[in-house]
Amino acid sequence: MGRIVEAEAYRGPEDRAAHSFGGRRTARTEVMFGPPGYAYVFLVYGLHWHFNLVTTAAGAPHAVLIRAVEPLEGLELMADRRGSSASHRDLTNGPGKLCSAFAIDRAAYGADLTRAPLFLSEPPREAARPRVLRSPRIGIDYAGDWAARPWRFYDAQSRSVSRRPGSAARGNCSAR
DNA sequence: TTAAGGATCTCCT
DNA sequence: GGAGATCCTTAAA
């Protein structure tokens, strides 16, 4: 279990950075065209899985990429899956890393995110509301004007975000 | 059938 | 800070 601390919005079909750009509907993107609450999982660079939440009503191929999580329970299992060299902070502070730690792969494609084994839940009532910063999305330089949109959101306090403001190679800015 | 190119991570310097 | 890993998806022929 973990707390989501970083995410990015992808708004096809207009959004050039989205896999569903232009209404591209294939076996891979199919789940994004369906109802919300399901998992869109895909492979990047032939190596790493990425985990997205399908959002918005059926027909609108929108998704939210989960980029980082703060590990809460099952740390030993996560470390085991990630390799013994992974430090606590390195367990889930990146989209590929968290998929490895949570054992998310193609088998999770289309999974119902309201039911075990992979599901979202409300934060505890007593949990403080995090201060959320935003920046441009990561790794989508090819997307033209869309690359500049501040559609990456992350918890200002969390040490588990993938790129810290000020230390990033490109694209980071903080606003509100 | 083929070729090109990724919504990254790790290891090395 | 930079290169290599590595294979699926897509589009075009």
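The sequence lines fix the lettering, A, B, ..., with proteins before strands; numbering per chain opens at 1.
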Name every residue in [range] that has at least one heavy atom under 4.0 Å from any atom of DNA chain B, in order of residue number, or write none if there are no such residues.
range                     : result
residues 56-70 of chain A : A:L65, A:R67
residues 3-26 of chain A  : A:Y10, A:A17, A:H19
residues 27-42 of chain A : A:F42

How close or far is atom [atom2] of [N] from atom [atom1] of [X], stated in whole angstroms?
X      : N      : atom1 : atom2 : result
A:L43  : C:dT6  : CG    : C1'   : 9 Å
A:H48  : B:dT10 : NE2   : P     : 7 Å
A:W146 : B:dA7  : CH2   : C1'   : 16 Å
A:W49  : C:dC8  : CH2   : P     : 8 Å
A:I138 : B:dT8  : CD1   : P     : 8 Å
A:W151 : B:dA7  : CH2   : P     : 16 Å
A:R163 : B:dA7  : CZ    : P     : 13 Å

Options C:dC8, B:dT8, B:dT10, nucleotide nearest the side-chain atoms of A:V44: B:dT8

Among B:dT8, C:dA5, B:dT10, the one nearest A:Y45 by side-chain distance: B:dT8

Over 12 foreign heavy atoms within 6.0 Å of CZ, A:R16: no

A:L72: hydrophobic cluster co-members (side-chain, 4.5 Å): A:M1

Sidechain-backbone polar pair: A:R131 side chain, A:A156 backbone, donor-acceptor under 3.5 Å: no

Applying salt bridge (charged side-chain N to carboxylate O under 4.0 Å, His left out), which residue pairs with at least one partner in [range] are found, sequence neighbours left out?
range                      : result
residues 33-62 of chain A  : none
residues 98-127 of chain A : none
residues 18-31 of chain A  : A:R25-A:E30
residues 92-103 of chain A : A:D90-A:K97

A:Y142 vs B:dG5: side-chain N/O to OP1/OP2 distance below 4.0 Å: no

Secondary structure of DNA chain B in dot-bracket form (Watson-Crick or G-U wobble, distances below 3.5 Å, | marking inter-strand pairs): ||||||.|||||.

Return a table of donor-acceptor pairs under 3.5 angstrom between the side chains of residues 59-68 of chain A and protein atoms on other chains or two or more places apart.
from  : atom 1 : to     : atom 2 : distance (Å)
A:H62 : ND1    : A:T56  : OG1    : 3.1
A:H62 : NE2    : A:G12  : O      : 3.1
A:R67 : NE     : A:E6   : OE2    : 2.8
A:R67 : NH2    : A:S162 : OG     : 3.1

Partner set under side-chain contact (heavy atoms from CB on, under 4.5 Å) for A:V31, not counting sequence neighbours: A:Y38, A:Y40, A:V54, A:Y109

side-chain contact (heavy atoms from CB on, under 4.5 Å) involving A:A111 - partner list, sequence neighbours excluded: A:A39

Path from A:M78 to A:L98 over hydrophobic side-chain contacts below 4.5 Å: yes

Donor-acceptor side-chain pairing of A:S100 and A:R81 below 3.5 angstrom: no

Cation-pi check, A:R163 onto A:Y154 ring (under 6.0 Å, within 45° of axis): no

Nearest atoms (heavy-atom pairs only) where A:R137 meets A:A9: NH1-O, 2.9 Å

